[in-house]
Q: 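Can you keep this structure in mind? I'll have questions shortly.
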Amino acid sequence: MVHPLDILKQYWGYDSFREKQLEIINSVLAGNDTLALLPTGGGKSICFQVPALIMQGVCVVVTPLIALMIDQVNNLRKRNISAYAIHSGLNYREIENIMFLCNSGEVKFLYLSPERLVSEKFLSVFKQTNVTLIAVDEAHCISEWGYDFRPPYLKIADIRPLFPEAPVIALTATAVPEIADDIQKKLLFKKSNIFVKSFVRTNLSYIVRKVEDKYAKIVRVCNSIKGTGIVYVRNRRLTVEISKYLNQNNIKADYYHAGLSTDERNKKQDEWYNNKTRVMVSTNAFGMGIDKPNVRFVIHFDIPENIEAYYQEAGRAGRDEKKAYAIILYNNEDIANSVRLVEQSWPSIDVVKEVYQKICEYTQVAVDTEVFGSFDFDLGLFCEKYKLKPINVYSAVKILEREGYIATNEPWNSSSKLMFTVGKEELFGYQEAGTKMENLIKTILRMYGGVFSSFVNIDENKIARIVNIDRPIIDKMLEKLDTDGIISYLPKKTKNQLFFSSRRINSKDINLSREYYYNRKQNAIEKNKAMIYYLQSETCRSMYLVSYFGEKKAKPCGTCDYCLSKKRDRKKEKEVSKKITGILVKLLEKQELSVREIVSQIKKYSEADILNTIQSLIDKEILISDMDIIKFNKNKKAPRK
């Protein structure tokens, strides 16, 4: 059998594995169900990608985020590894083609959104695939007490009987011990098998600052810490305002949020990756899948919702294992806002059902319909049409997503797609029939490979320049080719998309029991309280974080704001004690004195500091206390003045 290190060198160019990676890989290769708890930046993907390349058959990867899914597929393809993704953003033709390739043995990695596992049509084809490994990314989503529970994850266990020989590897960066146990139970592990890498990030200094002028503080941080950084905020307006403020203060910054077009987001992200932009001010839409090693600081302008989210976002700093900083700025108003936002994130069940019903009316999808494809969805226009409050609709949509009824995405497609649906002989006949498409068809065939077997990304503007035809006419020609059955053409999406993740049901049948819903809401509230306590606690920040995740033997980090303040206090105490000792030497050389007399004569320092110094010198046997009289120990040399 090929050694894992050979695969690592061949495809990734690394000479060695990180801590725990090889142990996890060997466990998977031995056929064991395996849970890997690795902190953000710990190299989770390698743990299933390497063994999958050694094993025969297809590795199915279940992950909830389309953007992350697409990013990983693209990274694998850059290494000449066959990878595809099926999610709610694809239409039935694309899904059908990918499954044909899977069943033909032409796919090594198949990424799935968990919602696919509730589709009867999909499962009828999927069970014919030769699946030899099931990887579950963001595995904490399977636990209803995790911070990002997604009910469709519970369906993963249902596919295990279809592939009885395939082991499961579950991966997450954020799972407390109880949730780790729950993950294994829900995924039907044959036996408990956990690999845990310490959550301690020795190179990462956690800083909490209570400040009123957060804008000025961000500028000071940027000026004092070299390198690139991220500033996280909770709303889109602030991304623009803060980036503008930073640029006005000679700090090259840009902003990023889900409301931008795909081209804008790609351009901004590329410029940040290539160090043309120093600081990215963003909502949490920016970050998943980011592997920029030299991020020197991550600043949270607003309080994160919970510890799990904070640990992941903060962990995007210092992935090169060099010194980096994770900083939270807050004030009393922020704490009140954080509590209020959690409450608003859980509208009543009746509101959730009403929003689902209005979505069905908006998209004109009938009851009991299984829908492939997406609908343009503008939340603002939707709220205006049905006279609904945006905060209620936004929160209800997020709940419906977590529960697996719908999904929404920004227009993640970076380009349009097409695939030829006829063979070369039929295509030649079509061209000979005088359709005036010959030049366009030949240009596409020259520009793009693999167009007869799968969908490829195309650039209509580039095609238009080469064939010397205006872009609008090119669009119409491509649509004509699609209508004639020559190609399958999927124009680029430009608006936010909404999908039905499962068969459309009657809104009254939405399964949210009031007791369950209340418990989930309380769980979110408690997690937010833990986040606020982190800000206000007087303890080592790193110790607090790792103990939250069940790591009990961590030591003070020595580099967080709390540890540094304690170091400064100890240094100050030593300096004060040294000065008091000098005064004591002068006093006690002349005469023996009582404690009260010493305190009365040393007016510059506090009584507590004086008593602590005296006690320290007594402990060292330099001084002796005899009936409350303090004098030098004749057997010990007195300290220098």
Side-chain angles (χ1 to χ4, degrees), residues 2-14 17-18 21-22 24-25 28-29 36 38 40-87 89-90 94-95 97-114 116 126 129-139 166-171 173 266 269-270 273 287-293 319 412-415 417 419 448-451 453-457:
V2 179
H3 193 278
L5 189 57
D6 296 331
I7 296 293
L8 186 72
K9 288 180 179 179
Q10 179 182 347
Y11 291 102
W12 284 271
Y14 300 144
F17 287 103
R18 294 183 185 179
Q21 283 182 330
L22 186 56
I24 294 166
I25 289 166
V28 172
L29 290 173
L38 301 177
T40 300
K44 293 187 291 295
S45 298
I46 291 287
C47 294
F48 66 82
Q49 289 170 348
V50 167
L53 288 167
I54 295 173
M55 303 164 77
Q56 300 297 315
V58 177
C59 173
V60 169
V61 187
V62 181
T63 186
L65 299 168
I66 292 180
L68 181 59
M69 192 183 296
I70 299 301
D71 183 65
Q72 290 206 10
V73 166
N74 289 338
N75 285 336
L76 287 168
R77 288 180 176 177
K78 287 175 185 176
R79 294 179 167 84
N80 296 316
I81 298 170
S82 176
Y84 289 84
I86 293 179
H87 48 77
L90 303 183
E94 291 177 281
I95 295 172
N97 181 65
I98 292 172
M99 291 312 301
F100 172 79
L101 295 174
C102 281
N103 295 335
S104 301
E106 298 179 47
V107 176
K108 171 50 69 174
F109 291 94
L110 176 62
Y111 282 75
L112 298 175
S113 57
R116 286 298 95 198
F126 178 56
T129 305
N130 179 29
V131 174
T132 53
L133 177 62
I134 301 170
V136 183
D137 203 7
E138 307 296 338
V168 168
I169 174 172
L171 310 105
N266 287 342
Q269 185 166 308
D270 288 344
Y273 262 111
M288 293 308 295
I290 280 180
D291 196 20
K292 183 174 169 62
R319 291 194 174 189
W412 56 267
N413 281 325
S414 58
S415 62
K417 298 179 181 181
M419 180 179 73
Y448 304 104
V451 288
S453 59
S454 61
F455 282 90
V456 297
N457 296 328

Q: With sequence neighbours excluded, what pairs up with Asn103 under the side-chain contact (heavy atoms from CB on, under 4.5 Å) test?
A: Val125, Gln128, Thr129

Q: If the condition is side chain to side chain donor-acceptor pair (under 3.5 Å), which residues does Ser45 pass it with, not counting sequence neighbours?
A: Gln72

Q: Heavy atoms, side chains only, cut-off 4.5 Å: are Ile95 and Phe126 in contact?
A: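 Ile95 does not reach Phe126 side chain to side chain.
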
Q: Determine whether Leu5 and Leu8 satisfy the following criterion, side chain to side chain contact (heavy atoms under 4.5 Å, CB included), listing intermediate values before the conclusion.
A: CA-CA 5 Å; Leu5 189 57; Leu8 186 72; 4.0 Å; yes

Q: At their closest point, which heavy atom of Ala173 faces which heavy atom of Lys44, and how far apart are they?
A: CB-NZ, 3.9 Å

Q: List the steps, then state whether side chain to side chain contact (heavy atoms under 4.5 Å, CB included) holds for Lys78 with Tyr11.
A: CA-CA 10 Å; Lys78 287 175 185 176; Tyr11 291 102; over 6 Å; no

Q: Determine the minimum heavy-atom distance between Ala85 and Ile98, stating which atoms define it.
A: O-CD1, 3.5 Å

Q: Do Val451 and Met419 have side chains that get closer than 4.5 Å, going by heavy atoms?
A: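 They are not in side-chain contact.
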
Q: Once rounded to the nearest 0.5 Å, what's the spacing between atom SG of Cys102 and atom CZ of Phe109?
A: 12.0 Å

Q: Find the distance between OH (Tyr84) and CD (Glu106) and round it off to the nearest 0.5 Å.
A: 7.5 Å

Q: I need the Ile46 CD1 to Ile25 CD1 distance, nearest 0.5 Å.
A: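 One gets 7.0 Å once the value is rounded to the nearest 0.5 Å.
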
Q: Do Pro4 and Leu22 have side chains that approach each other closer than 4.5 Å (heavy atoms only, starting at C-beta)?
A: yes

Q: So how far is it from Leu112 CG to Met69 CE, rounded to the nearest 0.5 Å?
A: 7.0 Å

Q: Checking Thr132 now: which residues fulfil side-chain contact (heavy atoms from CB on, under 4.5 Å) with it, not counting sequence neighbours?
A: Met55, Asn130

Q: Got a sec, which pairs hit side-chain hydrogen bond (donor to acceptor under 3.5 Å, both in side chains) with one end in residues 56-66, sequence neighbours left out?
A: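 Listed by first then second residue: nothing to list.
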
Q: With a 4.5 Å cut-off on side-chain heavy atoms, are Arg116 and Val62 touching?
A: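 Val62 vs Arg116: side chains apart.
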
Q: Looking at residues at least two apart in the chain, or sitting in another chain, which of them share a side chain to side chain donor-acceptor pair (under 3.5 Å) with Gln21?
A: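 Applying side chain to side chain donor-acceptor pair (under 3.5 Å) to Gln21 gives none.
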
Q: Under the ring-ring contact (aromatic ring centres under 6.0 Å, His included) test, which residues partner Phe48, sequence neighbours left out?
A: none

Q: Do Gln49 and Val61 come close enough that some side-chain heavy atom pair is under 4.5 Å?
A: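 No; the side chains remain at least 4.5 Å from each other.
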
Q: Ile24 vs Leu38, test: side chain to side chain contact (heavy atoms under 4.5 Å, CB included). Steps then yes/no.
A: CA-CA 11 Å; Ile24 294 166; Leu38 301 177; 4.1 Å; yes

Q: Quick check against the 3.5 Å criterion: does Lys108 have a side-chain atom that pairs as donor or acceptor with the backbone of Ala52?
A: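 Yes; judged by distance alone, with no hydrogens or angles, the pair exists.
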
Q: For Tyr273, does its backbone N or O pair with a side-chain atom of Lys292 as donor and acceptor, under 3.5 Å?
A: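 Side chain of Lys292 to backbone of Tyr273: a pair is present.
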
